[in-house]
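Heavy atoms only: backbone and side chains are in, while hydrogens, waters and symmetry mates are out. Each ligand, and each atom within it, is numbered from 1 in the order the structure gives.
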Amino acid sequence: MGSLIVDTPVAIGRISDHGAQVLQWQPSGAEPVIWLSSHAVFARDVAIRGGVPICFPWFGAGRSGAMSPAHGFARLVTWPCTATTEQDGMVAVEHVLTQEQAVDPQFPYRYRMTSTASFGDELTLTLLVENTDATPFSFEVALHTYLAVGDASSVSIVGLEGAEYHDKLLDRHVVQAGPVIFDGEVDRVYSSTSDVILRDPALARSVTIAKSGSASTIVWNPWVDKSRAMADFGDEEWRDMVCVETGNVGDRAITLHPGEAHEMKVIVSVSSHRPTS
Ligand code: BG6
């Protein structure tokens, strides 16, 4: 399974052809911003635990609750790499997936999906979905971003105050009061178009996730028991990550008519709170 390594004066990064999945990114001199499990499995038809999986054309078990594999097929297949460009130390990598590489009877349509990952002092991820079929289709989509943190129990996320979310653990709809904190398993789908900031006191930094074309933000941390239950996840690794995912899921799914396209974009940036000497 091929992957491309970026190592320039501006940034370090890595992206796999498997799922067009970003596996690493950090601006030069910074601690890793994207998290990858030390237990991740790299194999055909297996999702890589960490990085930025692309969930498409459904999220989780889909709107019906009956779709399989979880999070769709796009993260399980090889995406042909169609372009790589470099300018001033910023490297952009493009992958394209169509029904010629990945079909599924649960999504029997002609589509074209273009993923562009730009590794610079920011990480910019763009997903363009085009309906190349003769009939309309609907899909869910997410950039399932695993962020590296110093200690999940001390981070907070601002930008979701007042947003309604579906608590997947309790199957309840709730309105967010104040910043999101982690003191147990969290699995929530927020209805929100807002940018968010992850404050990380242990690493003395903030990570900003700015987005467009997205009406859902998913926040996930498996905490203790679920970490132990996952074979490709270290028992203590829940402390090292939180997922802040950019998507359009559930009743925010996108419908495209023939010839239409939808673009979703995420820009991840990091600012250090450490005084410069
Ligand atoms: C999150 C979901 O996006 O991904 C969670 O909201 C899920 O419910 C998690 O457990 C991990 O999913 P997976 O399929 O990669 O184990």
Open item on the list: Which option wins on minimum heavy-atom distance to atom 12 (O) of ligand 1: His71, Arg188, Lys226?
Closed with: His71
Task: Nearest non-hydrogen partners of Asp200 and Val149, listed with the distance - done: OD2-CA, 3.2 Å
- [ ] Might you point out which heavy atoms bring Ala163 and Tyr190 nearest each other, and give the distance in Å?
- [x] CB-CD2, 4.0 Å
TODO: Name the orientation class of the two ring planes belonging to Phe233 and Trp220 (parallel below 30°, tilted from 30 to 60°, perpendicular beyond 60°).
DONE: perpendicular
Task: Sub-4.0 Å heavy-atom contact, Arg75 with ligand 1 - done: yes
Task: Minimal non-hydrogen separation, Pro9 against Ser28, with atom names - done: O-CB, 3.1 Å
- [ ] Heavy-atom contacts with Phe59 under 4.0 Å: which atoms of ligand 1 show up? List them by number with element.
- [x] 3 (O), 6 (O)
- [ ] Please report the shortest heavy-atom distance between Glu130 and Phe137, naming the atom on each side.
- [x] O-CZ, 4.0 Å
Task: Pair Asp17-His95, side-chain donor/acceptor within less than 3.5 Å - done: yes
Open item on the list: Give me the residue, atom name and distance of the protein heavy atom closest to atom 11 (C) of ligand 1.
Closed with: Trp220 CH2, 3.6 Å
Task: Heavy-atom nearest neighbour in the protein, as seen from atom 13 (P) of ligand 1, with distance rounded to 0.1 Å - done: Arg49 NH1, 3.6 Å
Task: Which of the ligand 1 atoms, numbered from 1, are nearer than 4.0 Å to a heavy atom of Glu245 - done: 1 (C), 3 (O)
TODO: Can you figure out which of Asp187, Ile48, Thr145 has its heavy atom closest to atom 6 (O) of ligand 1?
DONE: Asp187
Open item on the list: Students should be able to answer this: which protein heavy-atom is nearest to atom 4 (O) of ligand 1, and at what distance?
Closed with: His144 NE2, 2.8 Å
